[in-house]
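Quick notes on the structure that follows.
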Amino acid sequence: MTEETRPTVEEKEIESPSEQQNDESLKTVFHDPKNYNVKHPLQNTWTLWFDNPGKKANAASWSQNLKEIVDVNTVEDFWGVHNNIVKVNHLEISSNYHVFKKGIRPEWEDPANANGGKFSIQFPRNRTGEAINDYWLNLILTMLGEQFKYEDEICGAVVSVRRVFYRVALWIKSSEKNETTETIGRQLKEFLNLNSSLVVEFTPHGDSAAKSGENKFTI
Ligand code: MGP
């Protein structure tokens, strides 16, 4: 056998075409050594949404601006989207990106959010600059990688660009102050590398809860 005709290790390990057809979901680089096409599935499918209400939104008109952009369910597809959309620090004032589990709309009214609330952190725009892109990326990677202890509680995350601040928020299903919610809040601070003395606020969803301060708490 000449050097050219001897099979390589990779070729020997490739399954026959019939075996490949039987399990389409298991595609690794060994199935196609010439075209690297391995993908790493995420535990959940996530949807990216965008909105830029322009003028001040109100509860009635708010959802008209909400646009569903794309679903991702693999690590590779996530990076494909992330690397090709406008960075947070270049978004127009009043816009928001929302990344939510597929099937949950990023609205208070969605059944998954109806009894929930959000942890939010504000970063002054003038002192944060491009670092907001990293805070947002860290939060999404943590969420897509299912790093939160109570991952089923997580609905999604939002980054908002406002005149004087950026805000990142993590939306969860419940709004009770208990072990679960407090752990999520503490982990959020940890994952974003925030100083433990920094206060993260939890607010139940809805305009009235935000205004009255009812059931708010801090971590
Ligand atoms: P916001 O953008 O979450 O708050 O909501 P912010 O950034 O404090 O306010 P801004 O005015 O500086 O942008 C802004 C407004 O949009 C709210 O007061 C509501 O009127 C409306 N709104 C926001 N959300 C997330 C919802 C929602 O889920 N449902 C409805 N019906 N209205 C919403």
Side-chain angles (χ1 to χ4, degrees), residues 44-71 85-140 143 148 152-176 181 184-185 188-189 192 194 198-219:
N44 279 290
T45 301
W46 298 83
T47 307
L48 171 70
W49 303 72
F50 172 75
D51 78 292
N52 181 6
K55 53 186 174 21
K56 198 153 175 60
N58 63 51
S61 68
W62 185 81
S63 71
Q64 290 163 16
N65 296 295
L66 201 53
K67 297 208 169 51
E68 195 173 335
I69 310 291
V70 66
D71 289 346
I85 58 173
V86 177
K87 296 261 178 294
V88 176
N89 70 317
H90 288 142
L91 286 178
E92 275 180 39
I93 289 171
S94 91
S95 14
N96 309 282
Y97 277 140
H98 316 251
V99 173
F100 274 66
K101 280 180 185 154
K102 188 173 171 62
I104 304 181
R105 286 179 64 86
E107 299 177 325
W108 311 325
E109 291 83 354
D110 188 283
N113 298 319
N115 299 315
K118 64 179 183 195
F119 282 105
S120 47
I121 309 151
Q122 283 191 192
F123 302 92
R125 271 185 82 188
N126 57 356
R127 283 191 278 125
T128 308
E130 287 182 10
I132 188 61
N133 302 328
D134 295 335
Y135 285 120
W136 175 234
L137 178 60
N138 268 349
L139 177 54
I140 301 180
M143 214 172 56
F148 286 98
D152 286 348
E153 272 290 303
I154 309 292
C155 297
V158 185
V159 65
S160 307
V161 181
R162 299 293 180 266
R163 204 169 51 78
V164 291
F165 60 83
Y166 296 113
R167 181 179 60 228
V168 294
L170 180 68
W171 286 38
I172 63 174
K173 287 185 183 158
S174 120
S175 61
E176 270 171 47
T181 41
I184 294 172
L188 175 64
K189 276 165 89 163
L192 295 190
L194 300 175
L198 189 130
V199 171
V200 173
E201 191 172 65
F202 182 85
T203 328
H205 292 312
D207 269 338
S208 55
K211 279 183 194 131
S212 67
E214 213 180 302
N215 300 328
K216 277 190 181 185
F217 61 89
T218 54
I219 297 284

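Counting convention: from 1, in listed order, for ligands and their atoms alike. All values below come from the heavy atoms of this structure, side chains included, with hydrogens, waters and symmetry mates left out.
In terms of polar-atom proximity, W108 is counted as a contact of ligand 1, with an N or O under 3.5 Å from an N or O of the ligand. In terms of polar-atom proximity, P106 is not counted as a contact of ligand 1, lacking any N or O under 3.5 Å from an N or O of the ligand.
Aromatic rings from F123 and Y135 are positioned such that their centres are separated by under 6.0 Å.
Using the six-membered ring where Trp is involved, W108 and W62 have ring planes that are parallel, under 30° apart on the 30 and 60° scheme.
Under 3.5 Å, the side chains of N96 and S160 contain a donor-acceptor pair of N or O atoms. With hydrogens and angles left out, the side-chain atoms of S175 and N115 include no donor and acceptor closer than 3.5 Å.
The option from K118, R167, E109, Q122 that lies nearest to atom 30 (C) of ligand 1, judged by heavy atoms, is E109. When the options H205, R163, R162 are ranked by their closest heavy atom to atom 12 (O) of ligand 1, first place goes to R162.
Remark: ligand 1 atoms within the under-4.0 Å shell around heavy atoms of E107 are 28 (O).
Of the heavy atoms in W62, only side-chain atoms (C-beta onward) come closer than 4.0 Å to ligand 1.
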- Is there a side-chain contact (heavy atoms from CB on, under 4.5 Å) between I85 and L48 once you walk through the steps? CA-CA 11 Å; I85 58 173; L48 171 70; 4.0 Å; yes
